[in-house]
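These numbers come from the heavy atoms of this one structure, side chains and all, not from hydrogens, waters or symmetry mates. Naming convention: chains lettered A, B, ... in sequence-line order (proteins, then strands); numbering from 1 in each chain.
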Protein chains: 2
Amino acid sequence: MTDKADGQIMIPEEEKRLESQLCFAVYSAAHAFNRAYKPILDRVGLTYPQYLVMLVLWEKGALSVKTIGEKLDLDSGTLSPLLKRLEQAGLISRARDPKDERQVIISLTEKGTDMKCQVGMIMDAIGQATGCDMAEMANLRDRLQQLKANLAAD
Amino acid sequence: MTDKADGQIMIPEEEKRLESQLCFAVYSAAHAFNRAYKPILDRVGLTYPQYLVMLVLWEKGALSVKTIGEKLDLDSGTLSPLLKRLEQAGLISRARDPKDERQVIISLTEKGTDMKCQVGMIMDAIGQATGCDMAEMANLRDRLQQLKANLAAD
DNA sequence: CACGATTTAATCGTGCGCAATATTTATTTT
DNA sequence: AAAATAAATATTGCGCACGATTAAATCGTG
């Protein structure tokens, strides 16, 4: 970045191009992950966002829709129909919190709980699709989290 | 990865968790980028995927639907309606290739060509939303491209 | 030349992702 | 207590993303 005499800030052309390329790389890698996970998740009838919700529930137990949304960065417009489909599939149940009837508490059914081991075993099949060692994966994860935080900060 | 005596390959629990975390980090960073670009692109009435198509056309000139799809990793099911909307907006035109009537050649209209500078200037406003310096951006870009290549290789 | 196989786009159905709006319940103000 | 405000979820509408199917044009081989 170069400060010009008039105080206006200019971004060099190359920097703009790099940001575009990074954005596309992230966009494109997300699609690639989706495609890699899809055949695995198809076997248990889950989509990737549905799988994320199940992951959260397996780890944390029953949660409100809002809490799930905060953890996954998704709003009710996305979650409501998604949760309805998970309920339809018999994996979760929804109930109003008696303490605060505005909240809907999502909890796992027995079928939903059982799916954890099933998916865990199936996930072994994905092997090392990333082709990264653990240090590289951890490093990439951290950098992306930082990137996301920077972007969210505006 | 550890090879067991029976030849079966087991992925340690931690490695599986890391891969999940990396996948989510990519998924989540992609959404963050989208949210960062959206207010900018809204000003010119483009979505991010539409913007990607325009970028390709600005760089390469007229292209077939298939070529655009290869560059962006999108299929005709995604591109056909998207291109229809860009045509509706008066930014591109579509014509069958006289040499091979199967192909549809997408070319920029004057309005579409003009939009390049307009968007370029607006994109300056995004500043350094990533919070990364150029070396960092280039490094992340390259590693994500490698990751994508590994995932695509299955 | 003919006919089956391949290539290229378009279409359809399902499921996100998100903005805008509505609805219901809870909380705060007056 | 009544009215205003806020919070949590649901609904609607639009635009990807992708698999599956369809239709038309081209190519390959006998």
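- Residue-to-nucleotide contacts include a donor-acceptor pair under 3.5 Å from the side chain of B/R102 to the base of C/dT7.
- Between the CD1 atom of B/I68 and the P atom of D/dA17 there is a distance of 14 Å, given to the nearest Å.
- Atom-to-atom, CG of A/L83 to C1' of C/dG17 comes out at 14 Å; the value is rounded to the nearest Å.
- Along DNA chain C, the nucleotide nearest to A/G77 and the one nearest to A/P98 differ in position, and the one closer to the 5' end is contacted by A/G77.
- Scanning atom types as modelled, one donor and one acceptor separated by under 3.5 angstrom connect the side chain of B/S76 and the base of C/dA10.
- As rounded to whole Å, 10 Å separates atom C1' of D/dC27 from atom CG of B/D100.
- Residue A/Q50 places at least one side-chain N or O closer than 4.0 Å to OP1 or OP2 of C/dC16.
- Minimum atom distance to the side chain of A/K38 is reached by D/dG19, of the listed C/dC18, C/dT8, D/dG19.
- Both A/M115 and A/I40 sit in one connected hydrophobic cluster of ILVMFWY residues. Membership requires side-chain heavy atoms under 4.5 Å apart, directly or through other members.
- Ion pairing between B/E87 and B/R94 holds under the 4.0 Å rule for side-chain N and carboxylate O.
- The aromatic rings of B/Y37 and B/F33 stand perpendicular to each other, their planes meeting at an angle above 60°, with 30° marking the opposite boundary.
- Between the CD atom of B/E70 and the P atom of C/dT8 there is a distance of 8 Å, rounded to whole Å.
- Within the 4.0 angstrom heavy-atom criterion, only backbone atoms of the sugar-phosphate kind lie near B/T47; the bases stay farther away.
- Using a cutoff of 4.0 Å between basic side-chain nitrogens and carboxylate oxygens, A/D75 and A/K66 are not scored as salt-bridged.
- Dashed line: the shortest gap from a side-chain N or O of A/R85 to OP1 or OP2 of C/dC16 is under 4.0 Å.
- The CG-P distance, from B/L79 to C/dT8, rounds to 14 Å in whole Å.
- One finds a side-chain N or O of B/Y27 lying less than 4.0 angstrom from the OP1 or OP2 phosphate oxygen of C/dG17.
- Among the nucleotides D/dC16, D/dT9, C/dT8, the one closest to the side chain of A/K66 is D/dT9.
- Base engagement by B/S80 is indicated by at least one non-hydrogen atom pair under 4.0 Å involving a base atom.
- The residue among B/K84 and A/L74 whose nearest nucleotide of DNA chain C is located toward the 5' end is B/K84.
- What separates CZ of A/R35 from P of C/dC16 is a distance of 17 Å, to the nearest Å.
- Nucleotide C/dT6: paired with D/dA25 (Watson-Crick or G-U wobble, both distances less than 3.5 Å).
- For the pair B/D73 CG and D/dC18 C1', the interatomic distance rounds to 11 Å; values are reported in whole Å.
- In this structure, B/L82 atom CG and C/dG17 atom P are separated by 18 Å, rounded to whole Å.
- Summary of the strand contacts: A/V104 and A/A32 both lie near DNA chain D, and taking for each the nucleotide with the nearest heavy atom, the more 5' one is attributed to A/V104.
- Checked options B/L147, B/L18, B/V26; the residue passing with A/T130 is B/L147 (criterion: side-chain contact (heavy atoms from CB on, under 4.5 Å)).
- Electrostatic pairing of B/D97 and B/K99 does not count as a salt bridge here, judged by no charged N lying under 4.0 Å from a carboxylate O.
- In the set D/dC18, C/dC18, D/dT9, D/dC18 carries the atom at the smallest distance from any side-chain atom of B/D75.
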